[in-house]
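This report concerns only the one structure given below.
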Amino acid sequence: MTDELVLHRLDAGVLELVLNRPDKLNAFTPYMHMALRAQIDRASQDSAVRAVLLTGAGRAFCAGQDLGDRDPRKGGPRPDLGATIGTYYNPLIRALRALPKPVVAAVNGVAAGAGANIALACDIVLASDKARFVQSFAKLGLVPDAGGSWSLPRLLGEARAKALALTGEPLSATQAAEWGMIWRAVPDADLMAEARALALKLAEGPTYGFGLTKQAMQAAATNSLDAQLDLEQDYQRRAGASDDYAEGVTAFLEKREARFMGQ
C-alpha cells in the first residue's frame, strides 16, 4: 500500500481499499472521492480483482463529508450540495451497486452521514462491536444522502428508518446486526481477520454468478414477482452457460474443490 488518500492492495484476488484520512475520521474531500472512484473503476475493469474489501484507517470508518471548507462564518455564496451529491456521492453509490463483483465493508469505527450509507451500499457489511452508525444529517438540517433514504427503509422498515434519520441517534453495530441492517458485528480485535477471510472466500468463488446474484437481489426491490421470475430465468441462462458452472458441476462429480475463474 502507498501513502495516499485511499490505500490499495491487491492480494489473492481481493482488492483491499482503506480510506486514509485518519486525522479527519476519513471524511470525504473531492480528491478522496476521485481516488476511491478510480479504485472502484479498476475493480470493474481488472479481471485480477475478484472481490473488494473497503475499510477505514484509524478509529473511524468514515465521518461522511468533510465540513472544513463549508464554514458559513467565512461568508460567500452558500454551497450547492446538490452539485456535490451529483458529482461525487451518487456516482460512487451507483458504481458500488453496479460492480459485478462482491464488495465487503469492514466498519472499524464510527460510520456517520454519507459514511454510514456508503457502507450500506456494499454487499456484505461486517462491523466492529465498537462501531456505531449515525445518520448525522439530522444534526445539520439535511436529508440522508448517499442512498440512505432508499436503503434504510428497505433494510429496517419505515418506522426505524425515520427514527434514525430524524433523531440522529447512534446505532451500535450489535443493534444494527440484530435489526438486519448489517451482516454481523464481531469483536473489534477480530474484525479485519474475519473481513479478509470473507473477502478471500468470495474471491475464490464463482464470481460471475455472484455478480448476477447481486444484480438480481438489487432488482427485486422494485420488480414485481413476474418481472423477477423472468429476470431469474435470464440470469440463470447466463450462469448456466458460464465456465464457472461447468467447473462447479465437474468438481462436484469428481468430489474435489472447484477452481473457479470468474467466467
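We're numbering straight along the sequence, starting at 1.
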Q) Are Leu10 and Leu17 connected in a single hydrophobic cluster, I mean Ile/Leu/Val/Met/Phe/Trp/Tyr linked by side-chain heavy atoms less than 4.5 Å apart? A) yes
**Q.** Contacts of Tyr235 that satisfy ring pair (Phe, Tyr, Trp, His ring centres under 6.0 Å) - sequence neighbours left out
**A.** none
As an exercise, state the distance from [atom1] of [X] to [atom2] of [Y], rounded to the nearest 0.5 Å.
X: Leu7; Y: Thr55; atom1: CG; atom2: OG1; value: 10.5 Å
X: Thr213; Y: Tyr208; atom1: OG1; atom2: OH; value: 11.0 Å
X: Asp190; Y: Leu126; atom1: CG; atom2: CG; value: 11.0 Å
X: Phe210; Y: Leu202; atom1: CZ; atom2: CG; value: 5.5 Å
X: Ile182; Y: Leu120; atom1: CD1; atom2: CG; value: 8.5 Å
X: Ser128; Y: Phe61; atom1: OG; atom2: CZ; value: 12.5 Å

**Q.** Polar contact flag, side-chain donor to acceptor under 3.5 angstrom, Ser172-Arg132
**A.** no
Q | Donor on one side chain, acceptor on other, Tyr88 and Gln65, under 3.5 Å | A | no
Got [X] and [Y] here, is their nearest side-chain heavy-atom distance under 4.5 Å?
X: Val18; Y: Arg9; answer: no
X: Pro22; Y: Arg59; answer: no
X: Leu99; Y: Val52; answer: yes
X: Phe133; Y: Leu164; answer: no
X: Asp230; Y: Asp234; answer: no
X: Asn117; Y: Tyr89; answer: no
X: Asn20; Y: Glu4; answer: no
X: Asp145; Y: Phe137; answer: yes

Kindly say whether [Y] contributes a backbone atom to a donor-acceptor pair with the side chain of [X] at under 3.5 angstrom?
X: Lys101; Y: Ala43; answer: yes
X: Asn26; Y: Arg21; answer: yes
X: Asp129; Y: Asp188; answer: yes
X: Asn108; Y: Ala60; answer: yes

[X] versus [Y], closest heavy-atom pair with distance:
X: Gly113; Y: Ser136; answer: N-OG, 3.2 Å
X: Ala105; Y: Ala119; answer: CB-O, 4.1 Å
X: Val14; Y: Ala203; answer: CG2-CB, 3.8 Å
X: Ala199; Y: Ala51; answer: O-CB, 3.7 Å

Answer yes or no: is there an ion pair linking [X] with [Y], defined by an N-O contact shorter than 4.0 Å?
X: Glu247; Y: Arg256; value: yes
X: Asp123; Y: Arg97; value: no
X: Glu194; Y: Arg184; value: yes

Q: Give me the one residue out of Asp41, Leu54, Leu5 that meets side-chain contact (heavy atoms from CB on, under 4.5 Å) with Leu36.
A: Leu54
(Q) Given Cys122, which partner from the list Val104, Val107, Leu53, Val103 fulfils the side-chain contact (heavy atoms from CB on, under 4.5 Å) test? (A) Val103
Using a 6.0 Å cut-off, check whether atom [atom1] of [X] has over 12 heavy atoms from anything other than its own residue.
X: Met261; atom1: CE; result: no
X: Gln218; atom1: CD; result: yes
X: Trp183; atom1: CH2; result: no

Q. Which residues satisfy the side chain to side chain contact (heavy atoms under 4.5 Å, CB included) test with Arg78, sequence neighbours excluded?
A. none
(Q) Test of understanding: with salt bridge (charged side-chain N to carboxylate O under 4.0 Å, His left out), list the residues that count as partners of Lys24, not counting sequence neighbours. (A) none
Q: Take the angle between the ring planes of His33 and Phe28 and call it parallel below 30°, perpendicular above 60°, tilted in between.
A: parallel
